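Below is one structure; the comments refer to it alone.
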Amino acid sequence: MTTRREQTSHESSELILRAAAELFAAKGYRQTTFADVAERSGISRGSIPWHFGSKEGLLLAVLERSVEQIRSGLAEEPAEGAEPEVAAGFDRLMGGADALFAQPTTKLFVTLLVEALEPGSPIHGRYVEIHNTLRDHCRRRLERLPLPPGLSAETLAVTIIGAGIGIHQQWLLAPERVDPEQALAALRTLVAGAVRPAGE
């Protein structure tokens with residue numbers, strides 16, 4: 001049975017994680033301080049290292065939580081061996097991409113991408129895991145759809161994930177010029193041409 005102290009500790013951790021994720025997404029990792037997180041979360045500055053050890057530990061915890069949210073947010077896979085009707089299978093695939101784009105964690109991943117690419121980055125492994133999770137999910141969906149000869153599900157999955165991330169980056173940099181809904185609709189049209197037989 002959970003004690004009141006353990007429950008309070010868990011609630012404090014959640015408040016800190018939520019505040020840190022919002023700040024890392026808005027300001028970046030380097031520009032965010034414990035004082036910023038304390039102010040946003042309402043938890044004392046001294047409690048943050050008690051919960052997470054260091055700023056790097058907090059960042060890793062934020063990313064771990066975000067990976068879990070992505071996994072739980074992805075639609076359930078169809079039953080093994082099931083052959084979904086093409087249009088329905090395609091709509092599930094692209095609907096999942098739309099839902100992922102709308103998640104607050106997506107902005108966090110885009111904002112921290114440069115951090116992940118730096119040599120020796122503590123979050124590099126988490127980013128590899130995130131991309132692997134997204135590609136594997138997309139590939140499994142595509143394997144159930146009719147693809148033209150010479151186009152593998154893995155290659156198309158890489159293309160879809162890359163396009164989605166690129167759209168999000170452009171939107172964050174120039175929201176006055178980039179309409180993400182229109183861009184995703186265009187991506188949907190392009191992918192539809194690859195996975196739907198002619199005349200469908």
Side-chain angles (χ1 to χ4, degrees), residues 13 16-38 40-41 48-49 51-74 93-94 96-142 151-184 186-188 190-191:
S13 295
I16 293 169
L17 286 171
R18 190 177 306 119
E22 292 170 356
L23 288 164
F24 290 157
K27 300 175 60 175
Y29 171 66
R30 296 182 188 279
Q31 300 302 316
T32 299
T33 66
F34 276 174
D36 295 328
V37 177
R40 176 70 65 93
S41 66
I48 300 173
H51 282 284
F52 300 101
S54 64
K55 186 178 174 184
E56 182 180 303
L58 175 59
L59 175 61
L60 291 173
V62 166
L63 288 177
E64 185 65 35
R65 185 171 181 264
S66 298
V67 169
E68 292 173 1
Q69 288 175 340
I70 281 183
R71 284 175 173 159
S72 64
L74 292 173
L93 170 69
M94 297 310 294
D98 292 346
L100 181 64
F101 190 92
Q103 287 189 21
T105 49
T106 305
K107 182 179 180 181
L108 172 68
F109 296 143
V110 172
T111 304
L112 295 178
L113 179 59
V114 175
E115 302 275 352
L117 293 174
E118 290 186 356
S121 168
I123 63 175
H124 176 80
R126 288 293 188 276
Y127 264 71
V128 171
E129 183 181 357
I130 290 164
H131 281 249
N132 286 342
T133 296
L134 294 174
R135 277 195 302 271
D136 289 346
H137 176 80
C138 189
R139 174 184 50 78
R140 287 193 296 269
R141 291 289 191 183
L142 289 167
L151 179 60
S152 71
E154 177 71 20
T155 298
L156 188 52
V158 170
T159 303
I160 292 172
I161 299 302
I165 292 172
I167 289 168
H168 205 119
Q169 287 177 329
Q170 293 182 72
W171 173 58
L172 290 174
L173 288 168
E176 73 285 353
R177 290 195 58 188
V178 177
D179 184 325
E181 291 185 4
Q182 289 185 3
L184 287 171
L187 176 61
R188 178 186 286 264
L190 292 172
V191 176

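We're numbering straight along the sequence, starting at 1. A quick note: this is a predicted structure, and the numbers were derived from the prediction, not measured.
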- Query: Checking Thr155 side chain against Leu151 main chain: does a donor-acceptor pair fall under 3.5 Å?
  - Reply: no
- Query: Looking at CZ of Arg18 and CG of Leu23, how far apart are the two atoms once the value is rounded to the nearest 0.5 Å?
  - Reply: 12.5 Å
- Glu118, CD atom: more than 12 neighbouring heavy atoms under 6.0 Å: yes
- From CZ (Arg126) to CD (Glu64), nearest 0.5 Å: 4.5 Å
- N/O donor-acceptor pair under 3.5 Å between Ser121 side chain and Glu115 backbone: yes
- Can you tell me how far CD1 of Ile161 sits from CG of Leu156, rounded to the nearest 0.5 angstrom? 10.0 Å
- Note on the structure: Heavy-atom nearest pair, Phe34 first then Pro49, reads CE1-CD, 3.8 Å
- Query: Side-chain contact, heavy-atom cut-off 4.5 Å: Leu60 with Phe52?
  - Reply: no
- Short question: side chain of Asp36, backbone of Thr33 - any donor-acceptor pair under 3.5 Å? yes
- Message: Quick check: closest heavy atoms across Val178 and Trp171, and the distance to 0.1 Å?
- Response: O-CD1, 3.4 Å
- Note on the structure: For Ala19 and Arg40 the tightest heavy-atom approach is CB-CG, 3.4 Å
- Which pair of heavy atoms, one from Leu187 and one from Ile160, lies closest together, and at what distance? CD2-O, 4.3 Å
- Approximate separation, where rounding is to 0.5 Å, of Glu154 CD and Thr159 OG1: 10.0 Å
- Which heavy atom in Ala157 sits nearest to a heavy atom in Leu142, and how many Å separate them? N-CD1, 3.6 Å
- Message: Nearest 0.5 Å, please: how far is CG in Asn132 from OH in Tyr127?
- Response: 14.0 Å
- Assess Lys55 against Tyr29: is NZ or CZ under 6.0 Å from the centre of the six-membered ring, and within 45 degrees of the ring's axis? yes
- Query: If you measure from OG on Ser41 to CD1 on Ile48, what distance do you get to the nearest 0.5 Å?
  - Reply: 5.5 Å
